[in-house]
Structures are given as C-alpha cells and as structure tokens.
**Q** 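My questions all concern the structure below.
Ligands are counted one by one from 1 in listed order, and the atoms in each one are counted from 1 as well. Please read these numbers as outputs of a predicted model, since none were measured by experiment.
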Amino acid sequence: MNTATRLRAALADRLAEDGTPMEPEWGSAVRAVPRELFTGSYFRPVAGSAPTSYRPVREGEPGWLEGVYSDETLITQLDGRIRADDVSEEAVHGSPSSSSTLPSLVLRMWHRLGAEPGHRVLEIGTGTGYSTALGAHRLGDGSLTSIEYDPVVGAAAAAALKAANFAPRLVIGDGLRGDPDGGRYDRLIATCSVRYIPLPWLHQVEPGGRILVTLSGWGYANALALLDVTGPGEATGRFLPGCTSFMIARPHDRPPRPTLALLPGEERPSRIDPAKLDDWTGGWIAQLAAPSAERLGAGAEQILWDVSTGSQARTARDHDGGWTVVQHGPVRLWDRVEQAVHRWQAAGEPRQEEFGITVSPTGQQVWLRTEDGPGWDLPI
Ligand SMILES: C[S@@+](CC[C@H](N)C(=O)[O-])C[C@H]1O[C@@H](n2cnc3c(N)ncnc32)[C@H](O)[C@@H]1O
C-alpha cells in the first residue's frame with residue numbers, strides 16, 4: 001500500500017470515528033478518491049497573522065501529502081488569481097477565492113442533501129473538483145453536473161477529474177443562473193454561499209426536490225439552509241446546526257470600497273452590547289437586519305459600512321462601562337441592528353437551527369421559529 005492510499009484509508013477511518021455521518025458507500029468514496037490530484041499545491045493560513053497571511057505548501061514538500069489528508073479546508077486560490085505555485089515569497093496576503101472544502105463537511109453536506117443513486121444532482125462551485133469526485137463515485141458520472149465560475153479553476157478541476165477517471169458533466173459559468181441546458185434536477189448543492197436563493201434554482205429543481213446552500217452576506221455571517229422546493233419558484237426550509245461557512249458566490253460579493261474613513265455623525269448610547277455581533281448567531285441577526293452593510297471591527301468597536309449610501313455606524317466603549325454609537329448617512333444601520341438583536345434576545349438568543357426560510361416569487365424571508373414569528377426580508 002503506498003503512502004497516499006494509507007493516508008486516504010486513515011482519513012476515512014478518522015472521519016467515521018469522529019462521527020461524520022457517512023453511509024458505507026461514501027466511506028468507499030473517501031478511500032477511492034485521491035485528494036492530492038485535486039488540491040495540488042495549496043495555502044495554509046499563518047497562525048496568529050492579522051490580517052491573515054498564507055504560506056504556500058508546494059506539491060511534494062515535506063508534510064504536503066499529510067496536509068492533503070487532514071480534515072481541513074485547503075485554500076487553492078487567493079484573490080481570484082493567485083495559486084500557491086505562483087508565489088515565491090514565504091507568505092502572501094489575499095482573500096481566499098477557491099479551495100477544497102474539509103472532507104467531513106463535504107460528507108455531512110452530501111448526507112444532509114439526501115442524494116442517492118438515481119437522483120439528478122446539480123453542484124454549484126466545482127472548485128478543485130474533490131467534492132464532485134466524491135459525488136460522482138457515489139452517484140455515478142451521469143447523475144452529476146457541476147458548475148464553476150472561474151475558468152482557470154474549472155479547467156484544473158476538469159483535468160483532475162479526468163486523471164482520477166471521473167466524467168461528470170462540467171460547466172463553466174455563473175451557477176447562480178442555474179444550468180439552462182440541464183433540465184430538471186432532484187437535488188442542488190452549493191459550495192459557495194449566497195445572499196439570497198437565486199430564482200433560477202427554484203425552477204431548476206423539481207417540486208419535492210431539495211436545495212442545500214449556505215446563506216451569507218456582506219457582514220461575513222453564514223448559516224447552512226436545507227430547503228424543500230414546494231412548487232415552481234417556491235421553497236421552504238430550515239437552518240441546520242453547526243458553524244458552516246463558505247466563500248461567497250462571486251456575483252454576490254461585497255462591492256469594492258475605498259480605504260475606510262470614519263465620518264462624523266449623531267452620537268448616542270448603544271442599547272445593545274456591540275460584542276453580541278461577534279456571536280455566530282448574533283452576527284447573523286445583524287446581517288439580516290442590515291444586509292447592505294459590510295461589518296468591520298470587533299468586540300466593543302464594531303463598524304458597519306454601507307458603501308452604496310455612504311451610511312456608517314461605529315460603536316465604542318464609554319466611560320461608564322456602556323457603549324456609544326455614532327451613525328452617519330441616510331440608513332440608520334445601528335437602529336436596525338439593535339431592533340433585531342433585541343427581538344432575538346427577547347426570544348432567548350436561539351441558535352440558527354430555530355430559524356427557517358420561505359421563498360416565493362414575490363420575496364424571501366428568514367423567520368424565527370414560525371413563519372409568522374419575527375422575520376427579515378432577504379435583499380433580492
Ligand atoms: C469552496 S470552493 C468549492 C469547493 C469544492 N466543492 C471542492 O470540494 O473542492 C467555492 C467555489 O465556488 C466558485 N464559485 C463562486 N461563485 C460561483 C458561481 N456564481 N458559480 C459557480 N461557481 C462559483 C469559486 O470560484 C470556488 O471555486
């Protein structure tokens with residue numbers, strides 16, 4: 001048994017021991033798919049760096065193969081263009097734009113999707129092609145189509161899939177537009193996140209079919225949703241437990257912004273502890289309440305910035321142990337966040353699995369506990 005085969009088997013055993021939900025057929029897929037063909041060289045975040053910098057781990061260097069078979073996300077592209085093999089420096093800065101998702105999450109997602117042989121499945125975000133290969137091993141090449149936005153990433157995935165003897169249908173394009181030539185699907189799985197559910201998906205998936213996607217936004221908060229398609233253009237779903245995050249779909253990404261300049265505005269005491277936004281669900285609530293704002297800062301010093309209107313909110317600690325907020329511009333971002341956080345606190349600060357989502361041709365709402373509970377419109 002060569003080293004890669006041994007490491008692959010050890011990864012499958014470890015995932016099973018750690019409780020990753022995995023039918024035996026998915027375990028066989030992990031034992032069969034050579035992840036190293038898909039990742040090639042990759043980046044590792046440098047511990048303690050701020051802003052995060054990334055060290056290239058080149059194919060063949062000591063520790064490279066062990067890293068490939070760790071249960072970790074391996075970043076394979078920064079800023080939509082930089083690959084680890086392109087970097088001559090010790091470490092570089094950048095924003096991750098493609099990766100191979102950690103295997104336990106890939107398996108958990110395939111499990112939650114309930115994809116079985118016979119289903120037609122559409123994957124959005126081929127990335128390295130590793131999750132596509134696992135899916136093709138379990139479901140068969142003919143059942144799976146995968147769409148990748150970035151042509152360079154898509155070409156590398158196509159080569160890796162071919163080298164590993166898989167042949168699912170691959171498309172280069174914007175997966176948010178669905179697969180116009182693909183007909184109807186039973187399942188759709190997205191490994192990039194979205195600000196709202198793209199309408200083409202709701203016509204592409206058969207009524208009775210499922211969509212699994214992470215809802216994210218400009219505030220960097222994420223929650224994984226599983227939706228049942230109930231009719232053309234209609235779906236309803238719940239958010240799943242756990243802290244799942246994915247890079248945002250490129251067309252849903254934040255608008256470019258200039259260097260931050262803090263602007264003067266109206267100052268008043270804050271009615272909530274700004275650090276609530278650092279909580280996984282608290283930050284998500286803030287993002288639902290102010291979806292046009294990017295969130296910067298942390299702890300007592302939060303900054304919300306809506307570049308399209310120039311609106312800003314920034315908080316700070318005051319001398320009495322409380323907090324102040326300064327708001328600038330036409331959108332009172334902090335007023336919205338405070339109101340939403342109060343509603344969440346009044347409900348006992350539930351985690352995201354107590355939230356649901358309803359999608360119809362006229363709008364998309366996230367709600368707490370029941371459809372007529374507190375709700376927020378998504379920015380479609
Ligand atoms: C986290 S990676 C995918 C991981 C991949 N499934 C794997 O296991 O290797 C996310 C990918 O989504 C792609 N992406 C972003 N926006 C997209 C879009 N609108 N349509 C299709 N792919 C998109 C990115 O280019 C990136 O390669």
**Q** With a 4.5 Å limit on heavy-atom distance, are the side chains of D181 and V171 in contact?
**A** no
**Q** Check ligand 1 for N or O atoms under 3.5 Å from a protein N or O and list each pair with its distance.
**A**
{"unit_1": "ligand 1", "atom_1": "6 (N)", "unit_2": "G125", "atom_2": "O", "d": "3.1"}
{"unit_1": "ligand 1", "atom_1": "6 (N)", "unit_2": "S131", "atom_2": "OG", "d": "2.7"}
{"unit_1": "ligand 1", "atom_1": "6 (N)", "unit_2": "T191", "atom_2": "OG1", "d": "3.1"}
{"unit_1": "ligand 1", "atom_1": "8 (O)", "unit_2": "S131", "atom_2": "N", "d": "3.3"}
{"unit_1": "ligand 1", "atom_1": "8 (O)", "unit_2": "S131", "atom_2": "OG", "d": "3.1"}
{"unit_1": "ligand 1", "atom_1": "9 (O)", "unit_2": "S99", "atom_2": "O", "d": "3.1"}
{"unit_1": "ligand 1", "atom_1": "9 (O)", "unit_2": "T128", "atom_2": "N", "d": "3.2"}
{"unit_1": "ligand 1", "atom_1": "9 (O)", "unit_2": "T128", "atom_2": "OG1", "d": "2.6"}
{"unit_1": "ligand 1", "atom_1": "16 (N)", "unit_2": "R250", "atom_2": "N", "d": "3.0"}
{"unit_1": "ligand 1", "atom_1": "19 (N)", "unit_2": "D174", "atom_2": "OD1", "d": "2.8"}
{"unit_1": "ligand 1", "atom_1": "20 (N)", "unit_2": "G175", "atom_2": "N", "d": "2.8"}
{"unit_1": "ligand 1", "atom_1": "22 (N)", "unit_2": "Y149", "atom_2": "N", "d": "3.2"}
{"unit_1": "ligand 1", "atom_1": "25 (O)", "unit_2": "E148", "atom_2": "OE2", "d": "2.6"}
{"unit_1": "ligand 1", "atom_1": "25 (O)", "unit_2": "R250", "atom_2": "NE", "d": "3.3"}
{"unit_1": "ligand 1", "atom_1": "25 (O)", "unit_2": "R250", "atom_2": "NH2", "d": "3.0"}
{"unit_1": "ligand 1", "atom_1": "27 (O)", "unit_2": "S98", "atom_2": "OG", "d": "2.7"}
{"unit_1": "ligand 1", "atom_1": "27 (O)", "unit_2": "E148", "atom_2": "OE1", "d": "2.8"}
{"unit_1": "ligand 1", "atom_1": "27 (O)", "unit_2": "E148", "atom_2": "OE2", "d": "3.3"}

**Q** Considering only Ile, Leu, Val, Met, Phe, Trp and Tyr, and joining two whenever side-chain heavy atoms are under 4.5 Å apart, list the other residues clustered with I75.
**A** F43, Y54, L78, I82, V87, V92
**Q** Could you report the tightest heavy-atom contact between F239 and A223, atom names first, then the distance?
**A** CD2-CB, 3.6 Å
**Q** Could you check whether R6 makes a cation-pi contact with Y69, meaning its NZ or CZ is under 6.0 Å from the centre of the six-membered ring and within 45° of the ring axis?
**A** no
**Q** With a distance cut-off below 6.0 Å to the six-membered ring centre and an angular limit of 45° from the axis, does R58 pair with W64 as a cation-pi contact?
**A**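 Geometry flag: not set, cation outside 6.0 Å or 45°.
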**Q** Tell me whether D86 is salt-bridged to R81, with the criterion being a basic N under 4.0 Å from an acidic carboxylate O.
**A**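 No, no charged N to carboxylate O under 4.0 Å.
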